[in-house]
Amino acid sequence: MVRFFGILIGLFFAGMLVYSFGRGAVDYFSNPPVKAVETQFHEEPKDVSFTSDGPFGKFDNQQLQRGFQVYKEVCAACHSIRLVAFRSLADLGYNEDEVKAIAANWPIETPDIDPATGEASTRPSVPADKFPKPFANDVAAAAANNNAIPPDLSLMTKAREGGAPYIYSLLTGYTDPPANLPEANRPGPGLHYNPYFANLNLAMAPPITGDDQVTYSDGTKATVSQMAQDVTAFLIWTAEPSLIKQKQTGWAVIAFLILATILGFLAYKSVWADLKAQKKKKEA
């Protein structure tokens, strides 16, 4: 009797499951979900590659220096890289005197305390300092940027979905809104349309406005695409300056594990060969 009721209960739950699934399928196909406007017009990051990509990738110091120049001349007025120290620029190929000069001549001085009065003051930066923020606080940052606080760029290529290709796409993706974009989703005052941004409209005006916005000392043509790619490569470095060392360490670890596996297998064969020989002697 108990078994009979158990079967009935099982059939009841199975029937309810089939009914729920069928009802949901009918509702889905009869009233398909409507995609949000942001989803319809949003575009995936462009297909772009960097020298640091892949297990054998390496940083191109010349490109990183160009990217740093773009950051300094275009981005630094609004965006900080507060996790990076001036002395880290030596990894990009700058010598000690160049690093000192960059720090001392940085347009924004490092916050400090006047030892004589104890009041807040500023001083020229030294290599040991981190890059100072362009604004004293978030209130000042928002007031200068249409009530939007410019994010710190130190970890930006790791903080945003899509990584470096997303940053590159955003920088080169500003365009006029398409004609079929609903009025409610068109950029309002102080906003700019960019299909690579999550909600299509952002407060940041196009930072790279045209070719030759900067003048590269190595003679590279400063096109919009080139400048965007260079500064993105620089931000890959700021997010993970030890990336190449990590790859080199990873290959060394893989080589060690392969060697250890081979030695372990040979030791296994040697030990069991002796045991098998001893076993055969006993059986004989």
Side-chain angles (χ1 to χ4, degrees), residues 45 48 50-53 57-94 98-100 102-112 122-142 144-145 148-173 194 196-198 202-208 214 227-247:
V48 59
F50 299 88
T51 60
S52 57
D53 292 345
K58 293 183 179 180
F59 285 129
D60 179 351
N61 280 355
Q62 197 168 30
Q63 182 182 43
L64 295 184
Q65 289 187 16
R66 294 197 304 267
F68 171 64
Q69 182 180 349
V70 176
Y71 167 75
K72 177 183 178 182
E73 297 183 19
V74 178
C75 311
C78 297
H79 295 276
S80 60
I81 47 172
R82 61 183 179 80
L83 300 181
V84 182
F86 284 100
R87 62 187 173 194
S88 298
L89 294 177
D91 295 341
L92 275 58
Y94 293 105
E98 289 174 326
V99 172
K100 288 181 178 179
I102 291 171
N105 297 319
W106 196 252
I108 304 164
E109 293 190 333
T110 295
D112 202 359
T122 60
R123 58 168 174 78
S125 301
V126 298
D129 292 322
K130 289 188 168 63
F131 282 83
K133 296 180 180 180
F135 300 103
N137 51 54
D138 287 348
V139 175
N145 291 277
I149 301 173
D152 180 80
L153 299 181
S154 304
L155 304 175
M156 189 55 63
T157 57
K158 299 183 76 67
R160 293 292 185 266
E161 183 180 0
Y166 164 75
I167 303 300
Y168 170 84
S169 301
L170 190 74
L171 292 174
T172 59
N194 192 315
Y196 298 97
F197 192 63
L202 70 164
M204 182 177 71
I208 301 177
V214 302
M227 288 185 285
Q229 191 164 11
D230 290 343
V231 74
T232 302
F234 173 70
L235 295 179
I236 293 174
W237 173 79
T238 63
E240 202 161 11
S242 62
L243 178 63
I244 306 306
K245 290 182 179 179
Q246 292 176 18
K247 291 181 180 181

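Atom CG of Asn145 sits about 11.0 Å away from atom CG of Asp138, to the nearest 0.5 Å. Distance check: Gln229 CD to Leu171 CG gives 11.5 Å after rounding to the nearest 0.5 Å. One finds the CD atom of Gln65 at 7.0 Å from the CD atom of Glu98 (value rounded to the nearest 0.5 Å). Put simply, OG1 on Thr51 and CG on Asp60 are 5.0 Å apart, with the number rounded to the nearest 0.5 Å. Atom-to-atom distance recorded for Leu243:CG and Lys158:NZ is 7.5 Å, nearest 0.5 angstrom. Between Lys72 atom NZ and Ile102 atom CD1 the span is 6.5 Å, to the nearest 0.5 Å.
Of the listed residues (Leu155, Asp230, Leu153), just one forms a side-chain contact (heavy atoms from CB on, under 4.5 Å) with Leu235, and that residue is Leu153.
A 4.5 Å side-chain heavy-atom check between Arg160 and Pro151 finds at least one atom pair inside the cut-off. With a 4.5 Å cut-off on side-chain heavy atoms, Tyr166 and Phe197 count as touching. Residues Glu240 and Gln246 are in side-chain contact: their nearest non-hydrogen atoms beyond the backbone lie under 4.5 Å apart.
A donor-acceptor pair is defined here as one N or O able to donate and one able to accept, closer than 3.5 Å; such a pair exists between the side chain of Tyr71 and the backbone of His79. Side-chain atoms of Ser52 do not come within 3.5 Å of backbone N or O of Phe59 as any donor-acceptor pair.
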Asp129/Trp106 under side-chain contact (heavy atoms from CB on, under 4.5 Å): CA gap, chis, key distance, verdict: CA-CA 11 Å; Asp129 292 322; Trp106 196 252; over 6 Å; no

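Between Cys78 and Pro134, the shortest heavy-atom distance links the atoms O-CG, 3.3 Å. Closest approach of Gly93 and Asn61 over heavy atoms only: N-ND2, 4.1 Å. Here the shortest heavy-atom pairing between Ala103 and Pro127 reads CB-N, 4.0 Å.
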Throw together a table of side-chain donor-acceptor distances under 3.5 angstrom for residues 80-92, partners on residues two or more places apart or in other chains.
from  : atom 1 : to     : atom 2 : distance (Å)
Ser80 : OG     : Asp152 : OD1    : 2.5

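Counting non-hydrogen atoms of neighbouring residues, nucleotides and ligands closer than 6.0 angstrom, the NZ atom of Lys100 reaches no more than 12 such neighbours.
Using cut-offs of 30° and 60° for the angle between ring planes, the Phe68 and Phe234 rings count as tilted.
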